[in-house]
Amino acid sequence: MRIATYNINGVKARLETLEAWLRRETPDVAILQEIKSVDEAFPRSVIEDLGYNLETHGQKGFNGVAILSKHPLEDVTRGLPGDDSDEQARWIEATVVGKTALRICGLYLPNGNPAPGPKYDYKLAWMQRLQARAAALLAAEEPALMAGDYNVIPQAEDARHPEDWVEDALYLPQTREAFRSIVNLGFTDAFRAGTQGAGHYSFWDYQARSWERDNGIRIDHFLLTPQCADLLQGAWIEKEARALDKPSDHVPVWVELDI
DNA sequence: ATGCCGACTAATAGTCGA
């Protein structure tokens with residue numbers, strides 16, 4: 001089973017790009033972020049006509065996540081537990097029923113800039129809630145993954161110019177520490193399980209000719225529970241997607257699981 | 001130090017992203 005996470009930066013603006021990508025790459029499951037649409041306005045039929053089941057968790061204008069799957073989706077939940085007052089649509093879960101059941105969590109972790117400030121406080125608080133949910137997933141001892149736009153640059157090698165990010169919410173020591181605290185519970189960063197070293201990015205800013213200069217960062221990640229990591233057959237970044245017409249500023253990141 | 005670019009909502013500018 002091939003699963004991709006993809007921050008599409010607006011489903012309405014990216015619909016042709018998304019449809020062409022689904023036709024071309026035929027993911028079994030696609031985990032989308034920044035749909036920037038309320039559920040009622042999501043262009044469902046385009047997706048469903050390609051044979052996908054679809055679950056969305058949207059809001060007006062910003063954020064919003066979705067899971068697409070050629071297999072049935074069960075036990076769908078929306079919203080990250082731990083704060084009933086949080087109205088931002090950044091978390092969705094569903095179980096994909098295949099040879100083995102797989103719990104899939106799609107996430108759009110807050111950006112947090114400017115830091116320090118209330119937005120950074122929200123990011124760190126959100127990561128605390130994520131850690132609690134992550135611990136519960138591990139306790140279940142079942143195949144599960146958390147994938148999406150983490151807005152975290154884990155290490156210096158994950159940025160073309162790490163020195164440009166030292167005061168940024170994506171790379172501050174406290175951000176990276178919070179990310180490590182989650183990983184160190186027992187998750188596998190699927191991409192780093194198979195590929196080491198610098199030069200692997202999932203985001204290039206639209207500005208300042210970042211793509212042409214390969215000035216990127218790796219901020220879209222798959223974290224796998226041990227039972228899911230047992231099934232890992234490969235992980236890769238679909239860098240070519242950034243060079244196509246009307247690209248998102250992110251590219252798809254993939255895993256293949258023996259499932 | 002700021003804008004760069006792009007999408008969104010609202011409206012012909014302002015907000016947000018990373």
Side-chain angles (χ1 to χ4, degrees), chain A residues 5-21 32-43 46 56-66 86-91 106-124 126-127 130 147-176 178-179 198-221 237 239 241-253:
Chain A
T5 179
Y6 191 4
N7 181 321
I8 58 172
N9 190 17
V11 70
K12 290 188 280 287
R14 210 70 54 214
L15 190 55
E16 288 186 20
T17 303
L18 176 64
E19 183 181 4
W21 175 71
L32 306 182
Q33 301 88 41
E34 283 209 85
I35 63 174
K36 297 187 179 180
S37 167
V38 294
D39 295 337
E40 304 75 51
F42 195 99
V46 175
T56 63
H57 180 40
Q59 71 178 83
K60 188 183 173 98
F62 302 103
N63 308 324
V65 288
D86 184 0
E87 296 184 349
Q88 299 192 29
R90 297 178 174 277
W91 181 268
L107 67 98
Y108 177 45
L109 204 149
N111 172 311
N113 281 305
K119 291 189 174 182
Y120 192 56
D121 294 340
Y122 174 69
K123 177 174 193 159
L124 292 177
W126 204 93
M127 294 181 84
L130 174 60
D149 177 357
Y150 280 74
N151 272 315
V152 173
I153 303 168
Q155 301 193 85
E157 65 186 8
D158 296 310
R160 176 73 172 80
H161 294 296
E163 67 275 15
D164 290 349
W165 298 92
V166 291
E167 293 183 48
D168 193 283
L170 278 63
Y171 189 63
L172 282 171
Q174 205 174 352
T175 301
R176 298 160 60 200
F179 181 75
H200 304 284
Y201 313 125
S202 64
F203 169 90
W204 295 260
D205 202 300
Y206 288 123
Q207 305 181 65
R209 297 176 53 80
S210 296
W211 168 247
E212 290 79 0
R213 299 174 185 203
D214 197 24
N215 181 12
I217 51 178
R218 192 177 72 93
I219 56 175
D220 299 270
H221 310 297
I237 298 173
K239 183 177 183 179
R242 190 64 178 77
L244 300 178
D245 286 340
K246 282 209 73 180
S248 170
D249 39 8
H250 297 250
V251 296
V253 177

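Per chain, numbering begins at 1; letters A, B, ... match sequence-line order.
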Rounded to whole Å, how long is the line connecting atom CD of A/E16 with atom P of B/dA7? 12 Å

Using the P atom as the reference point in each nucleotide, state the distance between B/dG6 and B/dA11 in Å, no decimals. 24 Å

What I want to check is whether the side chains of A/R160 and A/N215 have a donor and an acceptor closer together than 3.5 Å. no

Roughly how many Å is it from CG in A/D149 to P in B/dA18, rounded to a whole number? 5 Å

Take atom NE2 of A/H250 and atom P of B/dG17, then tell me their distance rounded to the nearest Å. 12 Å

Could you state the CG-C1' distance from A/D205 to B/dC16, rounded to the nearest angstrom? 12 Å

Rounded to whole angstroms, how far apart are NE2 on A/H161 and C1' on B/dA18? 15 Å

Would you say A/Y108 reaches B/dA18's phosphate, i.e. side-chain N/O to OP1/OP2 under 4.0 Å? yes

Whole-Å gap separating P (B/dC8) and CD1 (A/I35): 11 Å

For side-chain hydrogen bond (donor to acceptor under 3.5 Å, both in side chains), just list the numbers for A/Y201 and A/D214, CA-CA rounded to whole Å, side-chain angles, deciding distance to a tenth of an Å, and then say yes or no. CA-CA 9 Å; A/Y201 313 125; A/D214 197 24; 5.3 Å; no

Looking at B/dG17, I'd like to know if its phosphate oxygens (OP1 or OP2) sit under 4.0 Å from a side-chain N or O belonging to A/K119. yes

Rounding to an integer number of angstrom, what distance separates B/dT2 and B/dA7 when you compare their P atoms? 25 Å

Donor/acceptor link under 3.5 angstrom from A/D168 side chain onto base of B/dA18: no

Within the structure, does a side-chain N or O atom of A/R14 lie under 4.0 Å from either OP1 or OP2 of B/dA7? yes

Taking the nucleotide of DNA chain B with the closest heavy atom to each, which residue, A/N7 or A/K60, is nearer the 5' end? A/K60

So, does A/N151 get its side chain near the phosphate of B/dA18, meaning an N or O under 4.0 Å from OP1 or OP2? yes

